[in-house]
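Keep in mind it's a predicted model, so treat the numbers as computed, not measured.
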Amino acid sequence: MNTAAFVRPRSLPSPDLRLVVVPHAGGSGAVYHPMTRRLPPAWDLLLLDLPGRGKRHDRPPFTDMTALVAQVTEDVAAVADGTPLALFGHSFGAVVAAETARSLQRRGTAPLWVGVSGRQAPAVRPGVRLLDPALSEVELARRLTRLGGMPDRLDELPEFRARFLQLVRADLRALDSYRPDPGRPPLTADLTVFAATDDALAPAAGAAAWAPETTGAFRRLTFPGGHFHFLDDAFPAFTAALVAEIEETRGHLAASRATPATTTTITTITTTAASATTVREESA
């Protein structure tokens, strides 16, 4: 198994599940390292470093979504050894994760669950783009700061700041190139959308638009906060919710699916750090 593209916080010889995390625009896998402490001990966490950052800092970033998804598909295929697979991505990473899941599905190695966060559904074209690769460096940095996406104290390191903004621009250009075919087959994996009440990039009201992207169970969770609501003190509660979603899918797979049904339930999940409202719309 080739894990060269991933940060792997712990190496497990025979994990129960592999969770692949795709970072947001400009981000590296290391941002999601705190998940490690809240995952079941038998889960293998694989934090993807996209070209241009982290373990692959010496490679140029992609500016075309089709080419990027093809690369990430190869990266994930290199660790797909039959162990149950789950994919999660935030914002830009949500698009990459969802399309990589489709690509793996065509290969016959579909993940059992896909989680997308901080991104509008592929069928929705944003009316106003808050982040544009054509923005000046000052304005792009200002907007990222407002969203909570600028690393702390980056202004004190001009070279790193310039490099970070270069990566963000490349990722935004890749998003601009994203033109999904509306006739492509939907996912078969369960799909969970993680939304936030004050996310200006992906309003929570639009989360339901992701439902047609899968024939599996569809669930959506709404958390308090903005685009990066899960960082810092909220990370433990967010990770716990993510684990619960994957375990829900694993439970469904273990149960009989002999009788097709469609149900809708509303549940409120309360944790010590935050409250999340879950709307489940499931088909089996």
How close do [X] and [Y] get, heavy atom to heavy atom, and via which atoms?
{"X": "Pro111", "Y": "Ala101", "answer": "CG-CB, 3.7 Å"}
{"X": "Pro186", "Y": "Pro212", "answer": "CB-O, 3.9 Å"}
{"X": "Ala196", "Y": "Gly226", "answer": "CB-O, 3.4 Å"}
{"X": "Ser177", "Y": "Ala174", "answer": "OG-O, 2.6 Å"}
{"X": "Gly118", "Y": "His227", "answer": "O-CE1, 3.1 Å"}
{"X": "Gln105", "Y": "Ala189", "answer": "OE1-N, 4.5 Å"}

* Asked: Among Phe228, Phe230, Phe92, whose ring pair (Phe, Tyr, Trp, His ring centres under 6.0 Å) with His24 holds?
  -> Phe228
* **Result of checking Arg173, Arg56, Arg53, Arg169 against Pro61 for side-chain contact (heavy atoms from CB on, under 4.5 Å)** => Arg53
* Residue from Val79, Leu47, Leu46 passing side-chain contact (heavy atoms from CB on, under 4.5 Å) with Arg8 -> Leu46
* Would you check if the distance from the ring center of His229 to the ring center of Phe238 is below 6.0 Å? => yes
* Asked: Between Val21 and His90, does a side-chain contact (heavy atoms from CB on, under 4.5 Å) hold up when you go through it step by step?
  -> CA-CA 8 Å; Val21 176; His90 177 65; over 6 Å; no
* Does atom CZ of Arg179 have more than 12 heavy-atom neighbours, drawn from other residues, nucleotides or ligands, at distances under 6.0 Å? -> yes
Check for a donor-acceptor pair, side chain of [X] on one end and backbone N or O of [Y] on the other, with a separation under 3.5 Å.
{"X": "Trp210", "Y": "Arg119", "value": "yes"}
{"X": "Ser136", "Y": "Glu139", "value": "yes"}
{"X": "Thr83", "Y": "Arg18", "value": "no"}

* Asked: Are a donor atom and an acceptor atom from the side chains of Thr249 and Arg219 found within less than 3.5 Å of each other?
  -> yes
* Asked: Among side-chain atoms of Gln166 and Arg163, is any donor-acceptor pair under 3.5 angstrom?
  -> yes
Close side-chain approach of [X] to [Y], heavy-atom, < 4.5 Å:
{"X": "Thr192", "Y": "Trp113", "answer": "yes"}
{"X": "Val96", "Y": "Met65", "answer": "yes"}
{"X": "Asp190", "Y": "Val114", "answer": "no"}
{"X": "Val7", "Y": "Asp49", "answer": "yes"}
{"X": "Glu213", "Y": "Pro122", "answer": "yes"}
{"X": "Leu242", "Y": "Met35", "answer": "yes"}
{"X": "Leu87", "Y": "Thr100", "answer": "yes"}
{"X": "Gln120", "Y": "Pro203", "answer": "yes"}

* Walk me through it: do Tyr32 and Leu45 pass the test side-chain contact (heavy atoms from CB on, under 4.5 Å)? => CA-CA 10 Å; Tyr32 299 85; Leu45 180 61; over 6 Å; no
Between [atom1] on residue [X] and [atom2] on residue [Y], distance to nearest 0.5 Å:
{"X": "Ser91", "Y": "Asp171", "atom1": "OG", "atom2": "CG", "value": "9.5 Å"}
{"X": "Leu187", "Y": "Arg102", "atom1": "CG", "atom2": "CZ", "value": "4.5 Å"}
{"X": "Arg220", "Y": "Phe194", "atom1": "CZ", "atom2": "CZ", "value": "13.5 Å"}
{"X": "Gln71", "Y": "Ser103", "atom1": "CD", "atom2": "OG", "value": "11.5 Å"}
{"X": "Leu167", "Y": "Leu172", "atom1": "CG", "atom2": "CG", "value": "11.0 Å"}
{"X": "Leu112", "Y": "Thr188", "atom1": "CG", "atom2": "OG1", "value": "10.0 Å"}

Inspect the contact between [Y] and [X] and indicate whether a charged nitrogen and a carboxylate oxygen are less than 4.0 angstrom apart.
{"X": "Arg184", "Y": "Glu99", "answer": "yes"}
{"X": "Arg10", "Y": "Asp44", "answer": "no"}
{"X": "Asp132", "Y": "Arg143", "answer": "no"}

* To do: Step by step, work out the side-chain contact (heavy atoms from CB on, under 4.5 Å) result for Leu85 and Thr109.
  => CA-CA 9 Å; Leu85 181 67; Thr109 54; over 6 Å; no
* ILVMFWY cluster, Leu19 and Leu12 together (side-chain gap under 4.5 Å) -> no
* To do: Give the intermediate values and the outcome of side-chain contact (heavy atoms from CB on, under 4.5 Å) for residues Leu165 and Leu144.
  => CA-CA 10 Å; Leu165 293 177; Leu144 287 169; 3.7 Å; yes
